[in-house]
Number of protein chains: 2
Amino acid sequence: MNTVVDTRERILTTARELFHGRSYADVGIKEICDLAKVQKGSFYHFFPSKQDLAMAVIDDMAEDWAHGFVAEAFDRNLPPMERLDYMIDAAYYWQKAAKDIEGRMPGCLFGNLALEVSTRDEVLRAKLNAVFQKASSQFHETLDEAIEQGQIAPLDAQATSQAMLAFLEGIILLAKTRNDPEVIRTLGPAIKTLRVELPMEN
Amino acid sequence: MNTVVDTRERILTTARELFHGRSYADVGIKEICDLAKVQKGSFYHFFPSKQDLAMAVIDDMAEDWAHGFVAEAFDRNLPPMERLDYMIDAAYYWQKAAKDIEGRMPGCLFGNLALEVSTRDEVLRAKLNAVFQKASSQFHETLDEAIEQGQIAPLDAQATSQAMLAFLEGIILLAKTRNDPEVIRTLGPAIKTLRVELPMEN
DNA sequence: ACTTGACTAGACTGACCGGTCTATTCATAA
DNA sequence: TTATGAATAGACCGGTCAGTCTAGTCAAGT
């Protein structure tokens with residue numbers, strides 16, 4: 001029982017690291033198996049296909065995220081707008097740590113996968129879209145609370161929360177392209193200035 | 001002489017379309033050759049490697065961009081802040097047209113490539129970084145002018161221009177993941193609200 | 001003791017990859 | 001007419017890809 005869970009887990013975490021550090025297409029099943037010290041046969045016992053593995057990796061990462069620093073950043077006890085700074089900080093330190101170890105910025109696994117596979121794998125695209133949907137809802141709650149507390153003027157919280165997520169992904173993209181995590185710290189705070197006006201009433 | 005230019009051109013535009021519509025890794029030389037009606041031998045006569053082709057594709061696209069709708073959007077005769085709306089509009093219509101034809105949003109070729117290859121190809125990464133650098137300088141000029149004309153309060157134009165580019169890439173990423181160009185139109189206008197404060201003086 | 005089924009092991013398949021190679025065509029210039 | 005070199009044609013190479021298959025291990029249930 002122990003080794004069973006272990007094998008699957010080992011495949012999953014290895015795949016996650018490799019996909020994150022390089023790309024989906026660039027990492028082969030064999031490489032994952034070798035690094036995880038697992039044979040092909042075992043791999044295909046647990047995962048019917050590479051696509052299924054990717055689905056599991058996304059789920060795995062999303063769960064770690066939700067219970068990890070996303071939960072911390074969007075802590076209900078923090079003043080709403082401070083949560084945004086916390087989120088930016090977390091992203092910065094994460095990418096910086098990764099770069100210090102690996103020499104290059106991996107960026108955001110979800111963003112990386114989204115741009116790579118969206119045009120040729122509907123299933124993965126839909127899954128990644130759901131992850132983003134959920135992520136933006138965190139921003140949404142934060143904005144609602146900030147408005148309620150009168151800390152910011154009313155705005156289109158739905159659209160603005162998506163804009164904030166887009167901005168976060170955008171600065172990570174730019175930082176990765178420059179291979180410099182500082183970009184996140186420099187541009188990040190501007191996330192608080194983003195706003196989509198409420199649609200016209202009349 | 002005519003056929004020479006033609007062959008190289010055909011390879012280039014075909015590669016560009018395929019890379020843009022799918023990804024760098026997913027498109028093989030053979031597929032490009034078949035579609036461009038060119039043989040392998042001819043291909044390698046013009047391009048020493050797939051990487052060189054990618055470099056040429058990036059240059060080609062960057063030039064088309066610079067002389068195409070980027071030049072239009074950042075028209076000096078337009079009021080500065082209107083240029084930003086123009087840019088968003090252009091991005092929206094481009095992606096919408098592509099989706100109407102192909103059924104899926106290709107996103108931004110530069111952003112796509114950047115996330116895909118940045119961690120494993122220094123040369124391409126540096127080139128893409130340069131493209132982004134140049135793109136953000138367009139925003140920079142726009143901001144400088146807007147400040148000069150007193151249309152916006154002074155801000156860190158260098159950082160804000162990068163933030164705007166990041167936001168643009170971010171909304172295109174989100175739109176591609178949702179396979180819905182409307183995201184660009186909905187969130188896009190918020191680009192004008194982005195601002196990075198001037199660094200502290202003393 | 002025997003059966004069952006989850007799990008491991010790793011050889012193997014056919015397709016495809018980027019890239020090389022040799023042979024040939026063809027326009028130009030001497 | 002012949003020589004030259006750019007351009008084309010396409011067979012070919014070693015390697016890798018995702019995925020299959022057969023054989024066997026091993027622990028739990030009866």
Side-chain angles (χ1 to χ4, degrees), chain A residues 1-58 112-113 116-117 119-125 127, chain B residues 1-58 112-113 116-117 119-125 127:
Chain A
M1 210 48 73
N2 201 349
T3 70
V4 171
V5 173
D6 220 53
T7 303
R8 212 194 106 100
E9 209 73 15
R10 237 162 41 232
I11 294 170
L12 213 47
T13 61
T14 305
R16 193 169 113 175
E17 283 164 20
L18 291 178
F19 285 158
H20 193 187
R22 305 229 294 284
S23 74
Y24 180 62
D26 199 43
V27 176
I29 306 284
K30 180 162 188 308
E31 187 179 358
I32 295 167
C33 288
D34 289 350
L35 233 93
K37 303 236 189 288
V38 163
Q39 257 56 37
K40 268 267 184 86
S42 304
F43 176 92
Y44 278 98
H45 173 72
F46 289 104
F47 301 97
S49 72
K50 193 184 182 185
Q51 188 201 51
D52 279 86
L53 171 66
M55 294 288 274
V57 164
I58 295 168
N112 296 350
L113 285 177
E116 185 182 357
V117 308
T119 47
R120 57 175 170 135
D121 191 318
E122 259 303 297
V123 180
L124 289 177
R125 202 215 92 237
K127 171 133 236 153
Chain B
M1 207 51 70
N2 202 349
T3 71
V4 171
V5 173
D6 220 53
T7 301
R8 212 193 107 100
E9 209 73 15
R10 236 160 44 229
I11 295 170
L12 214 47
T13 62
T14 305
R16 194 169 112 174
E17 283 164 20
L18 291 178
F19 286 158
H20 193 187
R22 305 229 294 284
S23 74
Y24 180 63
D26 198 45
V27 175
I29 305 284
K30 178 156 188 314
E31 187 179 357
I32 295 168
C33 288
D34 288 351
L35 233 92
K37 303 237 190 288
V38 164
Q39 257 58 34
K40 267 263 183 91
S42 304
F43 177 92
Y44 278 98
H45 172 75
F46 290 104
F47 301 97
S49 71
K50 194 184 181 185
Q51 189 202 51
D52 280 86
L53 171 65
M55 294 289 274
V57 164
I58 295 169
N112 296 350
L113 285 176
E116 185 182 356
V117 308
T119 48
R120 58 175 170 133
D121 192 318
E122 261 303 297
V123 180
L124 288 177
R125 202 215 92 238
K127 172 131 232 153

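Here is how names work: the chains are called A, B, and so on, in the same order as the sequence lines, proteins then strands, and each is numbered from 1.
Here the OG1 atom belonging to A:T13 is positioned 9.5 Å from the CG atom belonging to A:L18, to the nearest 0.5 angstrom.
By the ring pair (Phe, Tyr, Trp, His ring centres under 6.0 Å) test, B:F47 pairs with B:F43, sequence neighbours left out.
Between B:Q39 and D:dT8 there is no side-chain N or O to OP1 or OP2 distance below 4.0 Å. The side chain of B:H45 contributes an N or O atom lying less than 4.0 Å from OP1 or OP2 of D:dA7. The phosphate of C:dC7 (OP1 or OP2) has no side-chain N or O of A:T7 nearer than 4.0 angstrom.
Between the CZ atom of B:F46 and the C1' atom of D:dA9 there is a distance of 13 Å, given to the nearest Å. Protein atom CD1 of B:I11 is 13 Å distant from nucleotide atom C1' of D:dA9, rounded to whole Å. As rounded to whole Å, 10 Å separates atom P of D:dC17 from atom CD1 of A:I32. Taking atom NZ of residue A:K37 and atom C1' of nucleotide C:dA9, one finds them 15 Å apart after rounding to whole Å. Straight-line distance from the CZ atom of A:R8 to the P atom of C:dA6: 15 Å, rounded to whole Å.
Under a 3.5 Å cut-off, the side chain of A:T119 and the backbone N or O of B:G21 do form a donor-acceptor pair. Formation of a donor-acceptor pair under 3.5 Å by the A:E116 side chain with backbone atoms of A:A25 is found in this model.
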At under 4.0 Å between heavy atoms, how does the protein contact nucleotides 17-23 of chain C? Give one character per nucleotide, 5' to 3', with B, S or -. -BBB---
Hey, mind stepping through B:R125 and B:D121 against salt bridge (charged side-chain N to carboxylate O under 4.0 Å, His left out) and telling me if it holds? CA-CA 6 Å; B:R125 202 215 92 238; B:D121 192 318; over 6 Å; no
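The two atoms that bring A:E31 and A:R22 nearest to each other are OE1-NH2, 2.8 Å, heavy atoms only.
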